[in-house]
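Computed from a prediction, not measured in an experiment: that's the story for all the values here. Lettering of chains follows the sequences in order, A, B, ..., and the numbering in each one begins at 1.
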2 protein chains.
Amino acid sequence: MSDRRAQILDAAATLIAERGFTSTSVDDVIKQARLSGKSHFYHYFKSKEELGYEVLNRQFERFAERGLAILREPMIDPLERLALFIDAVVALQVEHGARRGSPFGNLAAEMADAHEGFRVRIEAVFERWASQIRSLLWEARPQLHDDVDAVRLSRFIIAALEGAVLMTRVKRDISVLEGIAADLKRFVAMHTRDAAGIQAGFPMAGLGGRREA
Amino acid sequence: MSDRRAQILDAAATLIAERGFTSTSVDDVIKQARLSGKSHFYHYFKSKEELGYEVLNRQFERFAERGLAILREPMIDPLERLALFIDAVVALQVEHGARRGSPFGNLAAEMADAHEGFRVRIEAVFERWASQIRSLLWEARPQLHDDVDAVRLSRFIIAALEGAVLMTRVKRDISVLEGIAADLKRFVAMHTRDAAGIQAGFPMAGLGGRREA
DNA sequence: TGCCATTTGGACCATACAGTCCTATCTTGG
DNA sequence: CCAAGATAGGACTGTATGGTCCAAATGGCA
């Protein structure tokens, strides 16, 4: 990929993270990337939509390298890796002063109902993310209780993190995310064999719960 | 409040839920509400921004009546109420075929960084929501473990629900939300006294966790 | 040298948008 | 019945937007 292309993609990624896709104009991107004009931009991208798709791709690749990679570290215990990954999500938000939030969550909220092309691509992103967690959970299965549902647990983790990042952004307070991250770790720990006997006898105190795991 | 005003607010609420605030034009609202023209609209609202604020207010009032009210039902056990509330959130999404998502979460993702006026109002919404859950948790305190942090737990519940609703919208699959809702109930149950002995000895299996509750 | 991708610069278009202004009718309660 | 608010209809402004088209210059590489 040419330098220019990457430069445009980076500029667009920043702007979209800050303002959203709709509120980022092609002219804004041109300015941010210091291009000479529209023709220069359209030499590299056939439309704003295509730019959006590629930005999303790039964001996911970056996230796969910087975040998801932790989930695959071969020398670390899988559940430990999961904890480190959660810490990494927190660290990423700290980097931007609890602003911007998640590029995937933001785009999802903005485009999911309005633009099918984006919707399916964001769905794919979450699916690849979930799949990484599922693999890890599979690896950790000797430590996990038998009836752990990896599909559900992976979704829960992602949802909790996305929700936490959003609330953190609204409150502009990183400690919101930190608290939820800690609680999320406890929730995962709840699924480990050590606590198995406990779980088995869980009374669901007034929560009307049969266990549907 | 005049009928017309309410009618405009409802029309706008629908459109904003479907497309977001930025992508909803005043003309769209006028059309949806069957007004005669711009002057008619501006007779009731001084700007699009003001309309947005009032829509947010109205959405929260509706949510307070239809959802949050459950948290206050005096004749039902508090933790049972919490479970019913979570069910109500699921039911609300079912109603719209897993589309639209949360009006608060959507607006948050769209506006939090870009528009301080909206940010503080959304923050207030989440705060009022959290405060309702905190009250409930306070009521339930005889059933809860001593070191339950109501502030943190209430935030966790909201974050998990908001994240779940978002993922559900992206996947267009209500079962995502259903699974997370069930898991969330289990997480809450984890904080009850019945399971207290268990919790005390929680080993945090490989999750590097001291308990910071 | 000559080709091709890159870069520059700008004109141009159709559409959309928030918001203003003006005028002329209704409708209704005092 | 009359004033005041509600409704109707439209013209208009200034700005932004995604996208197209064209012409010319620059650069490296075969």
Side-chain angles (χ1 to χ4, degrees), chain A residues 1-58 106-107 110-111 113-119 121, chain B residues 1-58 106-107 110-111 113-119 121:
Chain A
M1 162 141 46
S2 82
D3 279 358
R4 271 279 188 245
R5 221 182 145 78
Q7 179 191 357
I8 298 174
L9 253 7
D10 285 341
T14 302
L15 292 174
I16 292 172
E18 282 169 358
R19 321 176 185 177
F21 179 74
T22 308
S23 298
T24 298
S25 74
V26 174
D27 284 321
D28 291 337
V29 174
I30 286 166
K31 212 165 155 192
Q32 178 92 357
R34 292 165 191 280
L35 302 184
S36 55
K38 281 230 168 84
S39 25
H40 200 176
F41 172 86
Y42 281 102
H43 178 69
Y44 286 97
F45 299 91
K46 70 180 239 279
S47 67
K48 191 194 175 190
E49 191 188 43
E50 195 200 70
L51 171 74
Y53 290 163
E54 297 203 25
V55 166
L56 178 59
N57 267 335
R58 202 176 165 79
N106 293 348
L107 213 53
E110 189 183 352
M111 312 296 283
D113 287 345
H115 195 299
E116 182 69 6
F118 274 105
R119 203 211 105 234
R121 281 167 176 83
Chain B
M1 162 142 48
S2 82
D3 279 358
R4 269 279 191 255
R5 222 181 144 79
Q7 178 191 358
I8 297 174
L9 254 6
D10 285 341
T14 303
L15 292 173
I16 292 171
E18 283 168 359
R19 322 175 183 176
F21 180 75
T22 308
S23 298
T24 298
S25 74
V26 173
D27 285 319
D28 291 337
V29 174
I30 287 167
K31 214 166 155 191
Q32 178 90 359
R34 294 167 191 278
L35 301 184
S36 56
K38 279 231 166 85
S39 25
H40 201 175
F41 172 86
Y42 281 102
H43 179 68
Y44 287 97
F45 298 92
K46 69 180 240 278
S47 67
K48 189 194 176 189
E49 192 188 42
E50 195 201 70
L51 170 73
Y53 291 162
E54 297 204 23
V55 166
L56 178 59
N57 266 335
R58 204 176 163 78
N106 293 348
L107 212 54
E110 188 183 352
M111 312 296 283
D113 287 346
H115 195 299
E116 183 69 4
F118 275 105
R119 202 211 105 235
R121 281 166 176 83

Revision key, fill the gap. To the nearest angstrom, the CD1-P distance between A/Ile30 and C/dT6 comes to 17 Å
Exercise for review: Nearest whole angstrom, please: distance from the P of D/dT15 to the CG of A/Asp28.
Suggested key: 17 Å
Practice item. Kindly compute the distance separating CZ (B/Arg5) from CD1 (B/Ile8), expressed to the nearest 0.5 Å. Key: 8.0 Å
Practice item. To the nearest Å, give me how far apart CZ (A/Phe21) and C1' (D/dG18) are. Key: 11 Å
Revision key, fill the gap. A/Asp27 CG to C/dC13 C1', in whole Å, measures 14 Å
Review point. So, is B/Tyr44 close to the D/dT7 phosphate, meaning a side-chain N or O under 4.0 Å from OP1 or OP2?
Key: yes
Review point. Once you round it to whole Å, what is the distance between P of C/dT6 and CZ of A/Arg5?
Key: 10 Å
Check your understanding: Using 30° and 60° as the class limits, which term best fits the ring planes of A/Tyr44 and A/His40: parallel, tilted or perpendicular?
Key -> tilted
Check your understanding: Taking atom P of C/dA5 as reference, at what distance in whole Å does atom CZ of A/Phe41 sit?
Key -> 20 Å
Any protein N or O atoms within reach of nucleotides 10-14 of chain D? Criterion: under 3.5 Å, listing atom names and distances.
from	atom 1	to	atom 2	distance (Å)
D/dG10	O6	B/Ser39	OG	3.2

Practice item. Output the distance between atom CD1 (B/Ile30) and atom CZ (B/Phe41), rounded to the nearest 0.5 Å. Key: 6.5 Å
Exercise for review: Take B/Asn57 and B/Arg121 through the side-chain contact (heavy atoms from CB on, under 4.5 Å) test and state the conclusion after the steps.
Suggested key: CA-CA 9 Å; B/Asn57 266 335; B/Arg121 281 166 176 83; over 6 Å; no
Review point. When you match A/Ser25 and B/Arg4 each to their closest nucleotide on DNA chain D, which lands nearer the 5' end?
Key: B/Arg4
Review point. So, the side chain of B/Asp28 versus the backbone of B/Ser25: is there a donor-acceptor pair under 3.5 Å, distance only?
Key: yes
Point to revise | Presence of salt bridge, A/Asp27 and A/Lys38, under 4.0 angstrom | key: yes
Study note, to complete from the structure: When rounded to whole Å, the OH to C1' distance for the pair A/Tyr42 and D/dG19 reads 5 Å
Review point. Over how many whole Å does the gap from B/Leu35 atom CG to D/dA8 atom C1' extend?
Key: 11 Å
Point to revise | Nucleotide nearest A/His43 (side chain, heavy atoms from C-beta), chosen from D/dT20, D/dT7, C/dT7 | key: C/dT7
Review point. Within the side chain of B/Glu110, is there an N or O that forms a donor-acceptor pair under 3.5 Å with the backbone of B/Thr22?
Key: yes
Review point. Checking all strands, does A/Thr22 fall into the base, sugar-phosphate, or nothing category for heavy-atom contacts under 4.0 angstrom?
Key: nothing
